[in-house]
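Written out below as structure tokens is the structure these notes cover.
Numbers restart at 1 for each chain; the letters A, B, ... are given by sequence-line order, proteins then strands.
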Number of protein chains: 2
Amino acid sequence: MLNPIDILKEYCKNNSLRYTPEREIIVTEIYKKDGHFHIDHIFLRIRNNYPKLKLAKASIYRNIPHLINAGLIRESFYKDGHACYEHTLGHAHHDHIRCLKCGEITEFYNEYIDKTQQTICKQRKFQLLDHIHILLGYCEKCNKKKGAN
Amino acid sequence: MLNPIDILKEYCKNNSLRYTPEREIIVTEIYKKDGHFHIDHIFLRIRNNYPKLKLAKASIYRNIPHLINAGLIRESFYKDGHACYEHTLGHAHHDHIRCLKCGEITEFYNEYIDKTQQTICKQRKFQLLDHIHILLGYCEKCNKKKGAN
DNA sequence: ATATGTGCAAATGATTTGCTCGTGG
DNA sequence: CCACGAGCAAATCATTTGCACATAT
């Protein structure tokens, strides 16, 4: 049950969705590489790796909500408003540090911050479901290449 | 110098930008109401309040980066990828709590979270410039209206 | 005077949708 | 078999851009 494909199958069954080759390939491809991805990345990778399958980008778009529901991926955010995603499986909850120059994303997790968030929400009777927490700035590498902003 | 219009004038002067009525009106209108706004809101409010001025939405879009540079507004983020903004002046730094049902945004500030962020970045030699921190879930009101998701 | 800013309309680019056909159950 | 899912192309929608004219300096 720790296998993304198994989860997908289970999810389809439980939600009376069909288990299509497209869905399988999308999930397989997403889980091939670790880290963050964009719709476009996945689309191109599937185009390359399965040239015979004429997968439409729309199919990826249509399936993303299912994968999120299935708990297979999580939505992330770009400063410019574009979505990107990341795996959930075998991937503990964490937050992000993003370099505004090179775009590199690293992860961090701080228990105290998490607990504090929960406390804040409890005080306000707000039911916390999710959060976005991204630290923005310049990474060590980019900082060294003295930057014209 | 605590007046948004003065800051705008100063900023224009320092950056050899022209001080146009459009810029003045955009800033005035933005600072009329507190809280968050979308491009569209501001556009409509200007349309209503200054019917003779045929301001184009493009002019707002074109000026937003200047206002951010001038330190007059700050960019915020929506789960769906749409931008929204908020004043900076007389508005201490804070983070956001957003209801996924009604969209209501409230603010919070927690000093310890702020400090922890700084510590995390120091450890990683990451130069922290900004951050996004949004708590997502259901507000008290929406929670009571027992929700079909 | 003249470079910058503006309105307008057309372009863009990511995402969504309508439609028809293919196929998993 | 037949409802759901896919491909494709057209539609959307927020944002950006090109152009010609207006205007702040």
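Near DNA chain D, defined here as any heavy-atom distance below 4.0 Å, the residues from residues 14-25 of chain A are A:L17, A:R18, A:T20, A:E22, A:R23, listed numerically.
Applying the ring-ring contact (aromatic ring centres under 6.0 Å, His included) test to residues at least two apart or on different chains, the pairs with a partner in residues 4-32 of chain A are A:Y31-A:H87.
Shortest non-hydrogen contact noted between A:G71 and A:L89 is O-CD1, 4.1 Å.
We find that CG of B:L67 is positioned 13 Å from P of C:dG5, with the value rounded to whole Å. In this structure, A:K54 atom NZ and C:dC21 atom P are separated by 17 Å, rounded to whole Å. Atoms CG (A:L44) and P (C:dA14) sit 11 Å apart, rounded to a whole Å. Distance NE2 (A:H38) to P (C:dG13): 16 Å, rounded to an integer number of Å. Whole-Å rounding puts the A:I64 CD1 to D:dA6 P distance at 13 Å. A:I60 places its CD1 atom 9 Å from the P atom of D:dG7, with the value rounded to the nearest Å. Remark: P of C:dG25 and NZ of A:K9 are 11 Å apart, rounded to the nearest angstrom. As rounded to whole Å, 12 Å separates atom P of D:dC4 from atom NE2 of A:H66.
Side-chain contact between B:V27 and B:I7 is absent, with no heavy-atom pair separated by less than 4.5 Å.
Here NE2 of B:H131 is found 11.5 Å from CD1 of B:I120. Values are rounded to the nearest 0.5 Å.
Here the side chain of B:N15 pairs no donor or acceptor atom with the backbone of B:L17 at under 3.5 angstrom. Checked by atom type and distance alone, the side chain of B:R47 pairs as donor or acceptor with a backbone atom of B:L55 at under 3.5 Å. No side-chain donor-acceptor contact under 3.5 Å links B:R23 to the backbone of B:L8.
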Pairs: protein N or O with nucleotides 16-20 of chain D N or O, under 3.5 Å:
{"unit_1": "D:dG18", "atom_1": "O6", "unit_2": "B:R62", "atom_2": "NH1", "d": "3.3"}

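Among the protein residues, A:N63 comes within range of the sugar-phosphate backbone only, with heavy atoms under 4.0 Å from sugar or phosphate atoms but none that close to a base.
In the hydrophobic clustering of ILVMFWY residues, with side-chain heavy atoms under 4.5 Å counting as a link, B:I97 and A:L128 come out together.
B:F108 pairs in a ring pair (Phe, Tyr, Trp, His ring centres under 6.0 Å) with only one of the listed residues (B:H94, B:H133, B:H93), which is B:H133.
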